[in-house]
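Okay, so here's the structure we're looking at.
Here the structure is a predicted model, which means the values were calculated and not measured.
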Amino acid sequence: VALDAVPAWLLPRIARARSPRLEAARAAAGGDWSALAALDRPAVSSPPLEVSVAELAQMLEDERPAVRALAAADPRLTPEQLLQAKWAEDWTEVDPLVYRAIAGNPQSPPELLTALAADRSALFAGVRRAVAHNPSAPPEALHLLADEPYATDLRLTMAAHPNLAPARRATILAHSLEHALGSYDPVYVAIGLSQQGRATER
């Protein structure tokens with residue numbers, strides 16, 4: 001549904017399921033990615049607004065990872081501060097909580113998000129999920145997330161991401177249709193048959 005591969009005649013039947021995930025996927029197919037991105041977005045708190053930007057900078061140097069993560073999630077930080085926060089974390093505790101907060105911050109620059117997406121360890125699955133939910137994630141970072149092995153929900157969010165390169169979306173669609181045709185579920189088979197040739201045309 002998110003890839004806009006379900007034939008029109010089948011959509012009303014699927015919609016009877018009244019699934020929030022399905023409704024979000026339908027909205028994403030129509031160009032509104034926000035509801036789908038919100039479904040599995042990692043919960044990261046931000047400091048209250050009364051905390052100043054200067055205090056945020058101090059929090060980034062706190063010895064407690066939870067405090068550093070709280071500051072790193074704040075969109076008032078500059079891209080330069082977020083780059084510095086990652087560099088500092090790389091050389092200290094390497095705490096996934098802090099990286100996850102950085103990965104979800106919309107102010108994180110493209111090169112930073114790409115670097116975080118490149119870490120394929122199981123421990124960093126939450127970090128990669130945060131990158132996939134970040135509206136600022138560049139095509140290069142999303143490309144690295146296409147074969148995510150530890151968080152399958154991430155593939156759905158990434159497949160509908162507005163910054164995903166058209167060629168990568170076409171590849172995901174082709175793989176999805178291939179799996180649909182090999183399924184024992186008649187709904188998936190119907191979707192696959194209705195879209196035969198579409199992926200190669202793109």
Stepwise side-chain contact (heavy atoms from CB on, under 4.5 Å) test for Leu144 and Val131:
CA-CA 11 Å; Leu144 293 170; Val131 173; over 6 Å; no
Could you work out, with side-chain hydrogen bond (donor to acceptor under 3.5 Å, both in side chains) as the rule, every residue matching Ser19, not counting sequence neighbours?
none
Applying side-chain contact (heavy atoms from CB on, under 4.5 Å), run through Lys86 and Leu83 and close with a yes or a no.
CA-CA 5 Å; Lys86 180 189 180 298; Leu83 281 166; 5.9 Å; no
Exam field: side chain Trp33 to backbone Thr157, donor-acceptor pair closer than 3.5 Å:
yes
Could you state the interatomic distance from CG (Leu112) to CD (Glu80), rounded to the nearest 0.5 Å?
11.0 Å
Is the backbone N or O of Gly192 less than 3.5 Å from a side-chain atom of Gln195, with the two atoms forming a donor-acceptor pair by type?
no
Connected via hydrophobic side-chain network under 4.5 Å: Leu193 and Ile191:
no
Which heavy atom of Pro65 sits nearest to which heavy atom of Glu93, and what is that distance?
CG-OE1, 3.5 Å
Pairs where residues 94-113 contributes a residue and the test salt bridge (Lys or Arg N to Asp or Glu O under 4.0 Å) is met, not counting sequence neighbours
none
Interatomic distance, His133 atom NE2 to Arg129 atom CZ [nearest 0.5 angstrom]:
7.0 Å
Close side-chain approach of Met158 to Leu164, heavy-atom, < 4.5 Å:
yes
Could you see if Leu97 belongs to whatever hydrophobic cluster contains Leu70? Use Ile, Leu, Val, Met, Phe, Trp, Tyr and a side-chain cutoff under 4.5 Å.
no
What's the spacing between Asn105 CG and Ile102 CD1 if we round to 0.5 Å?
8.5 Å
Val127, Leu145: one ILVMFWY side-chain cluster at the under-4.5 Å cut-off?
yes
Point-to-point distance, once rounded to the nearest 0.5 Å, from CG of Leu142 to NE2 of His161:
5.0 Å
Walk me through it: do Leu11 and Arg26 pass the test side-chain contact (heavy atoms from CB on, under 4.5 Å)?
CA-CA 9 Å; Leu11 272 174; Arg26 292 184 69 178; 4.3 Å; yes
From Arg21 atom CZ to Leu39 atom CG, the distance as rounded to the nearest 0.5 Å
5.0 Å
Can you measure from CG (Leu173) to CZ (Arg168) and round to the nearest 0.5 angstrom?
12.5 Å
Taking side-chain hydrogen bond (donor to acceptor under 3.5 Å, both in side chains) as the definition, give me every residue that meets it alongside Arg13, ordered by chain and number, with sequence neighbours left out.
none
Side chain to side chain, Glu140 and Thr114, heavy atoms closer than 4.5 Å:
yes
Tell me the closest heavy-atom pair linking Ala160 and Ala28, and the distance in Å.
CB-CB, 3.9 Å
Please give me the minimum heavy-atom distance between Ala101 and Ala69, naming the atom from each residue.
CB-O, 3.2 Å
If you look at every heavy atom in Ala57 and Gln81, which pair is closest and at what distance?
CB-NE2, 4.1 Å
Pair listing, side chain to side chain donor-acceptor pair (under 3.5 Å) test, anchored in residues 47-76, at least two apart:
Ser52-Glu55, Asp62-Arg64, Arg68-Glu89, Asp74-Arg76
How does the hydrophobic cluster around Trp87 look, that is, which other residues are in it when side-chain heavy atoms under 4.5 Å mark a link?
Trp91
Under 3.5 Å, which donor-acceptor pairs do the side chains of residues 174-189 form with other protein atoms, sequence neighbours left out?
unit_1 : atom_1 : unit_2 : atom_2 : d
Ser176 : OG     : Ile172 : O      : 2.8
Ser183 : OG     : Asp185 : N      : 2.9
Asp185 : OD1    : Val187 : N      : 2.8

Assess whether side-chain contact (heavy atoms from CB on, under 4.5 Å) is satisfied between Leu56 and Leu60, documenting all intermediate values.
CA-CA 6 Å; Leu56 286 177; Leu60 287 173; 5.8 Å; no
Ala167 backbone acceptor or donor facing Thr171 side chain under 3.5 Å
yes
Minimum heavy-atom separation for Ala24 and Ala35, please, with both atom names.
CB-C, 3.8 Å
Main-chain N/O of Pro135 paired to Asn163 side chain as donor or acceptor, under 3.5 Å:
yes
Kindly say whether Asp90 contributes a backbone atom to a donor-acceptor pair with the side chain of Tyr99 at under 3.5 angstrom?
yes
